[in-house]
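Letters go in sequence order (proteins before strands), and every chain restarts at 1.
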There are 2 protein chains.
Amino acid sequence: MKIGDLARRTGLSAHTIRYYERIGLLPYAPRDPSRQRGYDASILTWIAFLGRLRTTGMPIRDMLRYTQLRERGPDTLDERRIILEAHRTKVRAHLAELQDCLVVLDTKIAGYAGSDTVEMDNDATDQPTRALRERLARPIGD
Amino acid sequence: MKIGDLARRTGLSAHTIRYYERIGLLPYAPRDPSRQRGYDASILTWIAFLGRLRTTGMPIRDMLRYTQLRERGPDTLDERRIILEAHRTKVRAHLAELQDCLVVLDTKIAGYAGSDTVEMDNDATDQPTRALRERLARPIGD
DNA sequence: GCTTGACTTAGAGCGCGCTCGAAGCCGTAG
DNA sequence: CTACGGCTTCGAGCGCGCTCTAAGTCAAGC
């Protein structure tokens, strides 16, 4: 499989695939006699997994760390698991935050819908985040 | 309230607050005789709401659009509602995607945990995303 | 034989959302 | 009186994750 095919299959651009190889997220692809990259289908699962990490907001430098451990083989399984667990924790937290925000959004939209009255033009449904509420509860000079 | 206080209360930096004013996300704050910004407590709810939009990934240019409508008053309620509804749809989609990823992450971690056997060193649990699966199901030249 | 188009490299550029620096002013505490 | 911290403006700089350009090579189709 050539880079263009891989691009079509993964949704990444060929540019991005080369970039990923350059920085080490993708293994150095074997070149054919005319220096073109040739890919094995197995790369697809790896790229898909990288996609998951990206989607969930893992920075490239962390993906790189994971990638390098993976390349060092089964000795690094523990370390990799730890990375993923830490990441999962962050993702869960982010998810919870988003759900929180979604409720606010719903409330606000509902407010707009029912506003024949001017009573609550806007902001009546604004509520500070949990973290902000805590700060607000304390005096200024804390 | 001065900018430093507001910064402490919102978690934004003073730099960021000035930046937000500059680009129009925050209203021009009245200056005292020595040109320092003075804030009313009501700004807190607005900043909190902006925070929700940011957290949920709304680009600044869209927040700006919303802000400008808001400043134009109650005539723009409908348009604002539409913006928020569209945004909510995106947030929901993103949420679903994250939950999807979380399952993959869980599976992968579980795999690491139970691997006394080498059988599934890694990638055995990698599965393409839904979108990718669809692309993969079709022949290359589609 | 020639055109077309996908590929190669190295490196510059971009869009986003801040973040910081410089140089200077102001007001209060010691 | 002076030192200090916090404020002001304007504009440059940064970290991230790509994204694109330039100049060139190569292989297949007409």
Side-chain angles (χ1 to χ4, degrees), chain A residues 1-40 43 47-67 87 90 94 97 101 140-142, chain B residues 1-40 43 47-67 87 90 94 97 101 140-142:
Chain A
M1 194 176 5
K2 294 209 279 184
I3 199 172
D5 302 326
L6 186 59
R8 271 179 290 281
R9 287 194 166 199
T10 59
L12 298 178
S13 74
H15 280 305
T16 301
I17 293 170
R18 288 190 209 101
Y19 165 69
Y20 278 5
E21 177 183 300
R22 211 156 62 206
I23 65 174
L25 279 187
L26 294 179
Y28 184 87
R31 308 301 205 262
D32 73 7
S34 57
R35 299 189 313 157
Q36 299 194 2
R37 290 165 179 82
Y39 291 99
D40 187 287
I43 200 74
I47 289 179
F49 183 63
L50 287 179
R52 302 286 193 175
L53 297 182
R54 286 291 305 114
T55 296
T56 50
M58 181 183 282
I60 281 187
R61 94 185 71 87
D62 293 358
M63 291 199 282
L64 203 46
R65 215 156 64 77
Y66 184 90
T67 303
H87 182 56
K90 280 183 200 148
H94 184 209
E97 208 176 7
C101 290
I140 302 178
D142 55 337
Chain B
M1 193 174 10
K2 294 208 280 183
I3 199 172
D5 302 326
L6 186 59
R8 271 180 290 281
R9 287 193 167 198
T10 59
L12 299 178
S13 74
H15 278 305
T16 300
I17 294 171
R18 287 189 211 102
Y19 165 68
Y20 277 5
E21 178 182 299
R22 212 156 62 207
I23 65 175
L25 279 188
L26 295 180
Y28 183 86
R31 309 302 206 260
D32 72 8
S34 56
R35 299 189 312 159
Q36 298 194 4
R37 291 164 179 82
Y39 290 99
D40 187 287
I43 198 75
I47 289 179
F49 183 62
L50 287 179
R52 303 287 192 174
L53 297 182
R54 284 291 306 114
T55 297
T56 51
M58 181 183 282
I60 280 187
R61 93 185 72 87
D62 293 358
M63 292 200 280
L64 204 45
R65 216 156 64 78
Y66 184 89
T67 302
H87 182 56
K90 279 184 201 148
H94 185 208
E97 207 176 9
C101 289
I140 301 179
D142 54 338

### Task
List the atom of Ala14(B), the atom of Ala7(B), and the distance in Å for their closest heavy-atom pair.
N-CB, 3.8 Å

### Task
List for me each residue that meets side chain to side chain contact (heavy atoms under 4.5 Å, CB included) alongside Leu64(B), sequence neighbours excluded, and say none if there are none.
Leu25(B), Gln68(B)

### Task
Using chain A heavy atoms and a threshold of under 4.0 Å, write down where along DNA chain C the contacts begin and end, 5' to 3'.
dC7(C) to dG11(C)

## Note on the structure
Expected list for residues 13-22 of chain B near DNA chain D, using heavy atoms below 4.0 Å, is Arg18(B), Arg22(B)

## Note on the structure
In short, Ile17(A) meets Tyr39(A) closest at the heavy-atom pair CG2-OH, 3.4 Å

### Message
I'd like to know if the side chain of Arg35(A) and the backbone of Pro33(A) have a donor-acceptor N/O pair within less than 3.5 Å.
### Response
no

### Task
Return the set of residues passing side-chain hydrogen bond (donor to acceptor under 3.5 Å, both in side chains) with Thr56(A) (not counting sequence neighbours), or none when no residue passes.
His87(A)

Could you write out each protein N or O paired with an N or O of nucleotides 26-30 of chain D at a distance under 3.5 Å?
none

### Message
My understanding is that only residues two or more places apart in sequence, or in another chain, count here; which of them pass salt bridge (Lys or Arg N to Asp or Glu O under 4.0 Å) with Arg37(A)?
### Response
Glu21(A)

### Any residue meeting side-chain hydrogen bond (donor to acceptor under 3.5 Å, both in side chains) with Thr67(A), in chain and number order, not counting sequence neighbours
none

### Message
Reading DNA chain C from 5' onward, which residue's closest nucleotide shows up sooner: Arg37(A) or Arg54(B)?
### Response
Arg37(A)

### salt bridge (Lys or Arg N to Asp or Glu O under 4.0 Å): pairs with one or both residues in residues 55-65 of chain A, sequence neighbours excluded
none

### Query
Partners of His94(A) by side chain to side chain contact (heavy atoms under 4.5 Å, CB included), sequence neighbours excluded?
Glu97(A), Leu98(A), His94(B), Leu98(B)

### Task
Take the protein atom CE of Met1(B) and the nucleotide atom P of dG6(D), then report the distance between them rounded to whole Å.
17 Å

### Task
Applying side-chain hydrogen bond (donor to acceptor under 3.5 Å, both in side chains), name anything that partners Lys2(B), two or more places apart in sequence or on another chain.
Gln36(B)

